[in-house]
Student: 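The structure's right below; bear with me while I get my questions together.
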Amino acid sequence: MIGYGLAAIGPGIAIGLIFAAYINGVARQPEAQSRLQSIAILGFALAEALAIIGIALAFVL
Amino acid sequence: MNVATEATVSAEEFHAPGPAIFELPPVFEIAGFGVTKPMLQLLVAALLVFALLYVAARQRSLVPGRLQFAGEGAYGFVRNSVGRDIIGSRDFQKFVPYLVTVFFFILVNNLFASLPFFQFPTFSRAGMAYALAGLSWIIYNAVGIAKHGFIGYLKVQCVPSGVSPVMYPLLVPLEFFSNILVRPVTLALRLFCNMFAGHILLVLFATGGLYLIEQGGIGYVAGPLAWVLAIAVSFLEMLVQFLQAYVFTLLNAMYIQGALSDEH
């Protein structure tokens, strides 16, 4: 469980970075929001998948 | 007296809720086949989504009433922000019914986690999520194969464009692995694990608070605090429930778009 806590740090930072970049992009170019949103959600989903693999392993191992 | 009560209290230690809380006994049995609560919830959710959307769409008046307005808004949200923006305005119409159905089905099933009487997220049973992800896997592969043919579809999914052919032996197996094999697994695991983890967190705070209050002493302060946290976490859970339905639908749309696109 401590291992999973450590493993969640990486995806946590990654999700923060992804949404920081997304907010930056929208602030600079609001008309690109609909395009950026799908990319941001895809990136978020991919980063989140790593955290989820972690919690699945925490219960399996 | 005091020592004795303390001894009995420390004898029954706090057991953190584990995966065992998801093993529900069957509600009733049909010919030896136990029907459990999540299975019933799936049925209720399907009927509920059908009834709500049917009632909202029944009148079809030019000036919508309240319910029709809500239904149109919800439908338009999925159609425009998921269907049209991702799949593209050329051929998104075909997939809108599937996307809307999946979105509302998952949303209702997830909201069951926070509704009284249900209070169990259906997709915290992995099998339910596997079935849903398997369905969308079949759909996006079938769409791609219908458009490009079997070999052409494999080429679309597995051969990245704009890369020198020297890299193909390395990249093609990787792309095949990530696009064909891992996608349905992550799709299902994401939904399942979010619901599973959220529900376990709620149960932990609720039962932990109860246990702390039973302990007495400082527990009278810490127990209600845990319950306040449980309330906060359930609001977070509602956000997650919505977000997971949205992400599942969005990824479905993205995979369909990837299968339809001419170059990867």
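Lettering of chains follows the sequences in order, A, B, ..., and the numbering in each one begins at 1. All heavy atoms count here, side chains included; hydrogens, waters and symmetry mates do not. Fair warning: this is a prediction, and the values are worked out from it, not measured in the lab.
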Student: Within a reach of under 6.0 Å around CD1 of A:Ile2, are more than 12 heavy atoms found that belong to other residues, nucleotides or ligands?
Tutor: no
Student: State the CG-CG distance between B:Leu250 and A:Leu42, to the nearest 0.5 angstrom.
Tutor: 8.0 Å
Student: Check every N and O of chain A against chain B and note each donor-acceptor pair under 3.5 Å, with its distance.
Tutor:
{"residue": "A:Ala45", "atom": "O", "partner": "B:Arg190", "partner atom": "NH2", "Å": "2.9"}
{"residue": "A:Glu48", "atom": "OE1", "partner": "B:Arg190", "partner atom": "NE", "Å": "3.3"}
{"residue": "A:Glu48", "atom": "OE2", "partner": "B:Asn194", "partner atom": "ND2", "Å": "3.3"}
{"residue": "A:Glu48", "atom": "OE2", "partner": "B:Gln244", "partner atom": "NE2", "Å": "3.3"}

Student: Can you list everything that forms a ring pair (Phe, Tyr, Trp, His ring centres under 6.0 Å) with A:Phe19? Sequence neighbours excluded, please.
Tutor: A:Phe44
Student: Go through the structure and list residues passing ring pair (Phe, Tyr, Trp, His ring centres under 6.0 Å) with B:Phe95, not counting sequence neighbours.
Tutor: none
Student: Measuring heavy-atom distances to chain A, does B:Leu191 have an atom under 4.5 Å in its side chain, in its backbone, in both, or in neither?
Tutor: neither
Student: Less than 4.5 Å to any heavy atom of chain A: does that hold for the side chain of B:Leu187, its backbone, both, or neither?
Tutor: neither
Student: Using non-hydrogen atoms only, which part of B:Leu189 is less than 4.5 Å away from chain A: side chain, backbone, both, or neither?
Tutor: both
Student: Partners of B:Ala230 by side-chain contact (heavy atoms from CB on, under 4.5 Å), sequence neighbours excluded?
Tutor: B:Phe205
